[in-house]
Amino acid sequence: MIIEKKLLKQDSVEKLFAKLKADGRRILAPKAQGDEIFFEQVASASEMAKDYIQTTLSPKGAVFPRVEALFRYQMEGKDVKIENNSEPQPTVIFGLRPCDAASFAILNSVFSWDYQDSQFKSRLAQTAAITVSCSRADEYCFCTSVGGSPGDTKGSDILLTRIGSGDYLAEILTEKGKAMVTLAPELFAEAPSEDKEKYLAKVPVKFDLKKLTEKLPEAFNNNELWMEQSLRCLGCGACAFVCPACVCFDIQDESKRESGVRLRCWDSCGFSLFTAHTSGHNPRPVQSQRWRQRVMHKFSYFNDRQKYLGCVGCGRCSRKCPADMNLLEHLKAIAEAR
Amino acid sequence: MEELRKKARELLTSGAVKVIIGYGPGSGKRVRAVFVRKPEQADLLICDDRCLQNLAVYLTKPEVKALGKAAVVARLPTLRAILQLAAENQLTDGQVVALGISPEGKMTELSQFKAIEEFLAGFSFELSAEEKATLEKLDQMTPEQRWQFWQEQFAKCVRCYGCRASCPLCYCEKCLAECNQPQWIPAASHQIGNLDWHIIRAMHLANRCVNCGDCSRACPVGIPLHLLNQKLAEEVFKQFGARSGMKAAQEYALCNWKLEDRENFIK
C-alpha cells in the first residue's frame, strides 16, 4: 500500500540524513571496504558506496546481529543479578535492496512464531528501511522467481527509485515512512508523473516456483540428487552468513567464575557440528544431507510452516560460495526434473 | 586442454582411476570443481588462468574418497598440498594420480610421490616480488599500526569457516574450534573470538600452508588471510630452511628438535 508518492532530490539525501540523525537515529548504509560493501553506520551520505548491485552481507545484522548478548549475570553473595539489555537505538537502514527489505518479514515469522523474541522484536520495531530499487541486476539475481521484483515495496518504509534526472521517486509506504518524511517535509517535493518501471532492472523469472515446491517433498529421498549437487560443497557457512533470511543461531555462554554473558551467534546448517549430538551421533553425517536440509528448509518446510519462502533471491549465497554452489541452478534442476 | 581431456579419457577408460577431479564450467565466467566419472564427460574439463582452487581439498573428503581412486588436476600449490598431505600420513603413495599443470599450462602425469617431488624441484617457491612487497609493507608498520590493520580485518569475520573449509591442510575431522570442553577458541564472532581463531589457525598452518591462497579467495568478507600464512612460512624458512609440501616424507619444523639446534635465543 502506498501512502503517497514524492520526489526526493539527489542532493537532499544528505539533508535527510542530518534530520534523521538530529532525531536520534543511527543510519546504516552501504560502505565500501576494499572490494566488499557492508552496512555500516555513516555520518554523511558521501561515505556511501556509489555503485553496487548488492552488498556483501545483508542488512540482517541490524535486527539479528551476528553476535549479541541476551543477558549478563553477576553473582552477588548468594544472589544472582541479571542484567538485561537496554532498548536498541532507533535505526534507519538506507540503500538496502527490495529483496533485503522483504527478508525482515521472514526473520520475524520465526522470531515471533511460538516464542516472542523480545530482543529481535524491539530491534525490528526500532528499525526503518529506506530501500533503493534495483536499476541493475546480475546473473545471480532471481527475486522475480521467488515472489519479489527489483521495485518491490514489501518490507520497505520508503522505496526510492532513481529516475532519469538522478533524483529519486519516493514511495512512502508505511507509518514509519511517513514519520521520517514528517521530520523533513521540505525535502519531499511533488512527485513527477513518471512510471518507475522503466528505471528498474529486468530480472527474468528463472524457474517455476510452484513446480519446485510441489517436487521437493518427493525429491527428499533422492539421495543421488543431493549427493551430486553437493559433491563440491566444502561445508563452510558462507551461504548462510551472507543470507538475509537465514535465522539459525547458536547459544554460547561465556562465563568467568562470578559473572558471565549469554550470547546468541549466527549458525549454519552447512556445518557438521550443527546437528552433532553430545553422544557423538550426528543425524546428518554427510554434506549431501546438510545441503538437502538447506534447500528443503528454505523452499519446503519454511513454506509450509511460515507461509513464507526462506529465500528472497538476492543471489548472495551463489556469488560468495567458494565452491560455486549455484543455488539457482540447483533449484532449476529440481523444478524442471521430470 | 586437449591433452588433459585425452589423458582423463584414457585413465577412466582403462579403469586406472574412477574419478578425475578437475575444473569445469561454472556460473557465468567462473570455473568450478567437477568430478568426471565417465570418459565421455572428459570434454567438460577446463584448464586456464581461472582455475585457481586447490583441488587437493577434495582428496580427504569422505564423499569424494568413496568414489574410488582419483586423478586430480594439479597446479603447483595442489601438488605441494598432495606432498604435504602425504608427509602428514593423509595420503599413501599411489592413492592419487596428479595431472600436474606447469605455470605455462603443460600437463604431466605424476603417479608417484617421487615424481611429484622431482617435478616440483624444477620450480622456485620464493614469494613473487609483489607478494614480498605486500609483506614488507606490513613489516614496516609499527606494532600498533599492524595491530590496527588486523583488528580491522578480523572485525569483518563472520566465522563462516570458509578459510578452514577451502584449505587442503585443514582436514581435521574435529577442529579445535569445535571443542567446547575446554573451549580453546570462543565460538562467537566478537573481537577476542575472531582474533583467537585467525591467530591459532595461522599457527596451526605454519610450515604446513602451501600458499595456494584459497583461504583469502574463499573469505566472503575479503580478509587477506593468506598474508598471515605467508609471513609464518617465510619465518619458518628463515629459521629452519624448510618449505612445506616439497617432500612426501618431511618433518614438521615446529614439532621437531635436533641436538644441533641453536639455543642462543635462551637467555
Side-chain angles (χ1 to χ4, degrees), chain A residues 33-38 56-57 61 65-69 138-140 227-228 230-242 250-254 261 263-268 270-273 276 278 280 285-288 315-329, chain B residues 19 21 23-35 37 53 55 57-58 61-64 66-67 152-153 155-167 170 173-175 177-178 180-181 183 186-194 214-224:
Chain A
Q33 260 195 62
D35 294 337
E36 308 297 334
I37 298 176
F38 301 98
T56 300
L57 298 179
R66 66 189 205 219
V67 49
E68 66 181 317
D138 65 12
E139 72 252 36
Y140 299 105
M227 184 61 93
E228 276 305 312
S230 67
L231 208 44
R232 67 179 178 275
C233 172
L234 296 164
C236 74
C239 47
F241 292 174
V242 297
D250 179 33
I251 297 290
Q252 292 281 326
D253 284 340
E254 290 185 357
V261 56
L263 301 172
R264 171 156 68 192
C265 312
W266 288 354
D267 204 349
S268 164
F271 292 146
S272 60
L273 194 67
T278 316
V286 290
Q287 203 57 36
S288 56
R316 283 189 183 87
C317 54
S318 306
R319 278 185 211 100
K320 282 299 179 183
C321 177
D324 193 26
M325 292 286 290
N326 187 317
L327 178 65
L328 174 61
E329 192 181 301
Chain B
V19 55
I21 308 173
Y23 306 94
S27 312
K29 288 182 182 133
R30 290 170 77 175
V31 293
R32 63 167 66 135
V34 291
F35 303 84
R37 279 151 284 175
Q53 190 189 358
L55 299 177
V57 72
Y58 293 109
K61 295 244 174 279
E63 294 91 334
V64 177
L67 299 176
E152 277 168 25
Q153 293 299 328
K156 296 185 284 187
C157 174
V158 289
R159 297 295 277 282
C160 71
Y161 298 110
C163 45
R164 178 179 76 184
S166 65
C167 177
C170 265
E173 276 178 30
K174 191 173 180 192
C175 175
E178 283 159 9
N180 58 5
Q181 295 277 356
Q183 188 170 55
S189 64
H190 49 40
Q191 191 190 16
I192 302 277
N194 288 355
D214 269 1
C215 45
S216 294
R217 276 192 290 275
C219 180
V221 296
I223 308 174

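Order of the sequence lines fixes the chain letters, A, B, ..., with proteins taken first and strands second; residue numbering starts at 1 for each chain. If you're wondering where the values come from, they're calculated on a predicted model, not measured in any experiment.
- For A:E228, the part lying near chain B is the side chain, with the backbone staying farther off; criterion is any non-hydrogen pair under 4.5 Å.
- Here B:R30 does not pair with A:E139 in a salt bridge; the nearest charged N to carboxylate O distance is not below 4.0 Å.
- With a 4.5 Å cut-off on non-hydrogen atoms, B:Y161 touches chain A through its backbone and its side chain both.
- Judged by distance alone, the side chain of A:T56 and the main-chain N or O of B:V221 form no donor-acceptor pair under 3.5 Å.
- Between B:Y58 and B:F35, the angle of the ring planes goes over 60°, which puts this pair in the perpendicular group of the 30/60° scheme.
- With hydrogens and angles disregarded, no donor-acceptor distance shorter than 3.5 Å links the side chain of B:Q191 to the backbone of B:A155.
- When the candidates A:A238, A:G235, A:C265 are compared by the number of heavy-atom contacts under 4.5 Å with chain B, A:A238 comes out ahead.
- Proximity to chain B is limited to the backbone of A:S318, based on heavy atoms less than 4.5 angstrom apart.
- With a threshold of 4.5 angstrom between heavy atoms, A:M325 does not approach chain B through any atom at all.
- Of the two parts of B:L67, only the side chain, counted from C-beta on, holds a non-hydrogen atom closer than 4.5 Å to a non-hydrogen atom of chain A.
- Using a 4.5 Å cut-off between heavy atoms, B:P62 does not touch chain A at all.
- Contacts between B:V34 and chain A at a heavy-atom distance below 4.5 Å are absent for every atom of the residue.
- Proximity to chain B involves both the backbone and the side chain of A:L231, based on heavy atoms less than 4.5 angstrom apart.
- Only the side chain of A:V242 comes within contact range of chain B, with heavy atoms under 4.5 Å apart.
- Listed for the A:W266 side chain is no donor-acceptor partner under 3.5 Å among the backbone atoms of A:V67.
- For A:R319, the part lying near chain B is the backbone, with the side chain staying farther off; criterion is any non-hydrogen pair under 4.5 Å.
- Interface check for chain A: of the options B:C175, B:C157, B:G26, B:G162, the most heavy-atom pairs under 4.5 Å are formed by B:C157.
- Side chain of B:R217 to backbone of B:Q53: no donor-acceptor contact under 3.5 angstrom is found.
- When atom types are taken as modelled, the side chain of A:D35 and the backbone of B:G222 share no donor-acceptor pair closer than 3.5 angstrom.
- Contact count versus chain A (heavy atoms, under 4.5 Å) is highest, among B:K174, B:E152, B:K156, B:K61, for B:K156.
- A donor-acceptor pair is defined here as one N or O able to donate and one able to accept, closer than 3.5 Å; such a pair exists between the side chain of B:R159 and the backbone of B:A188.
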* Can you check side chain to side chain contact (heavy atoms under 4.5 Å, CB included) on A:Q33 and A:F38, steps first, answer last? -> CA-CA 7 Å; A:Q33 260 195 62; A:F38 301 98; 4.0 Å; yes
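- When heavy atoms are compared at a cutoff of 4.5 Å, B:E63 approaches chain A by way of both its backbone and its side chain.
- Looking only at side-chain heavy atoms (C-beta outward), B:V57 and B:D214 stay at 4.5 Å or farther from each other.
- Heavy-atom distances place no part of A:I37 under 4.5 Å from chain B, backbone and side chain included.
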